[in-house]
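All residue numbers in this chain count up from 1 along the given sequence. As the structure is a computational prediction, the values presented were derived from the model and not from experiment.
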Amino acid sequence: MKRLLAFILLLLLSASCANKSNNKYKPSLTEQEMISILSDIQILEADLTLRKTNQQDITGLPQQYYDQLFEHYGITDSIFSENLKYYTEHPNDLERLMDSVIQRLTREQATFSTQ
């Protein structure tokens, strides 16, 4: 959860420093797709952190995870980056998006906690 909050803070700080030009770019991914991707990224990062904590070798694993994640969603890292850039330039949209990510992860955590 701390990583998620740090990620949100980083994105919000990036948004506050972003160029405020009239960017006509619209994201190619829907908000629901971004919520799913960002939720999966948080789970992916949590797994990597757990592996490092357990002193497991994760050499090459982060890139493999991200490649598989982007393949699963049928996107490239540049598509994801472009969409993320859009949201960092639109902090209100980003905040709504990240609130949804937190809600989704909280629901998933509750589901696993009851099993």
Side-chain angles (χ1 to χ4, degrees):
M1 189 58 112
K2 287 181 183 179
R3 285 185 69 102
L4 178 60
L5 294 176
F7 180 71
I8 293 169
L9 180 61
L10 177 65
L11 289 175
L12 291 175
L13 287 173
S14 297
S16 67
C17 298
N19 182 0
K20 299 296 180 189
S21 66
N22 288 332
N23 187 353
K24 302 289 185 208
Y25 175 78
K26 295 291 181 193
S28 59
L29 298 171
T30 67
E31 282 193 27
Q32 262 326 110
E33 289 170 321
M34 283 298 289
I35 291 166
S36 294
I37 294 167
L38 289 170
S39 296
D40 286 349
I41 286 174
Q42 290 306 310
I43 294 168
L44 177 152
E45 289 291 334
D47 181 62
L48 291 172
T49 299
L50 181 63
R51 288 173 186 265
K52 283 194 280 188
T53 301
N54 291 332
Q55 299 179 348
Q56 294 178 359
D57 180 21
I58 62 166
T59 305
L61 199 52
Q63 185 64 47
Q64 180 183 355
Y65 275 5
Y66 278 96
D67 289 346
Q68 289 174 351
L69 178 85
F70 294 144
E71 182 180 330
H72 172 77
Y73 286 101
I75 62 171
T76 62
D77 58 342
S78 60
I79 290 171
F80 175 72
S81 296
E82 288 171 3
N83 281 268
L84 192 56
K85 181 180 180 201
Y86 169 85
Y87 285 104
T88 60
E89 293 174 352
H90 297 84
N92 292 334
D93 294 340
L94 178 62
E95 184 175 2
R96 185 178 63 249
L97 188 78
M98 295 311 295
D99 285 345
S100 295
V101 169
I102 292 169
Q103 290 172 3
R104 181 176 180 165
L105 291 172
T106 301
R107 279 192 312 271
E108 288 183 20
Q109 182 180 24
T111 301
F112 286 115
S113 297
T114 60
Q115 293 180 353

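Heavy atoms only, all atoms of each residue included: E33 and S28 are closest at OE1-O, 4.3 Å. Here the closest non-hydrogen pair linking Y87 and L94 is O-CB, 3.3 Å. Shown here for L61 and R51, the closest heavy-atom pair between the two residues is CD2-CD, 3.6 Å.
Of the inter-residue distances, the one linking S78 atom OG with K85 atom NZ reads 12.5 Å to the nearest 0.5 angstrom. Taking CG of D93 as the reference point, atom CE of M34 lies at 11.0 Å (rounded to 0.5 Å). One distance of note links NE2 of H72 with OG of S36; it measures 8.0 Å at 0.5 Å rounding. Considering CG of D40 and CG of L105, their distance stands at 8.5 Å, rounded to 0.5 Å. The CD atom of Q63 lies 10.5 Å from the CD atom of Q68; values are rounded to the nearest 0.5 Å. Taking CZ of F80 as the reference point, atom CG of L38 lies at 4.5 Å (rounded to 0.5 Å).
Ion pairing between R96 and D99 fails under the 4.0 Å rule for side-chain N and carboxylate O.
Contacts of T53 classified as side chain to side chain donor-acceptor pair (under 3.5 Å), with partners at least two apart in sequence or in another chain: none.
Contact check for Q32 versus S100: no side-chain heavy atoms found under the 4.5 Å cut-off.
With a 6.0 Å radius and a threshold of 12 heavy atoms from other residues, nucleotides or ligands, Q64 has its CD atom above the threshold.
When the side chains of ILVMFWY residues are joined at heavy-atom separations under 4.5 Å, either directly or via intervening members, L50 and I58 end up in two distinct hydrophobic clusters.
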Test side-chain contact (heavy atoms from CB on, under 4.5 Å) on L44 and Y66 and set out the steps. CA-CA 8 Å; L44 177 152; Y66 278 96; 3.4 Å; yes

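Of the possible polar contacts, one joining the N83 side chain to the I79 backbone as a donor-acceptor pair under 3.5 Å is found. Judged by distance alone, with hydrogens and angles left aside, the side-chain atoms of N54 form no donor-acceptor pair with the main-chain N or O of Q56 at under 3.5 Å.
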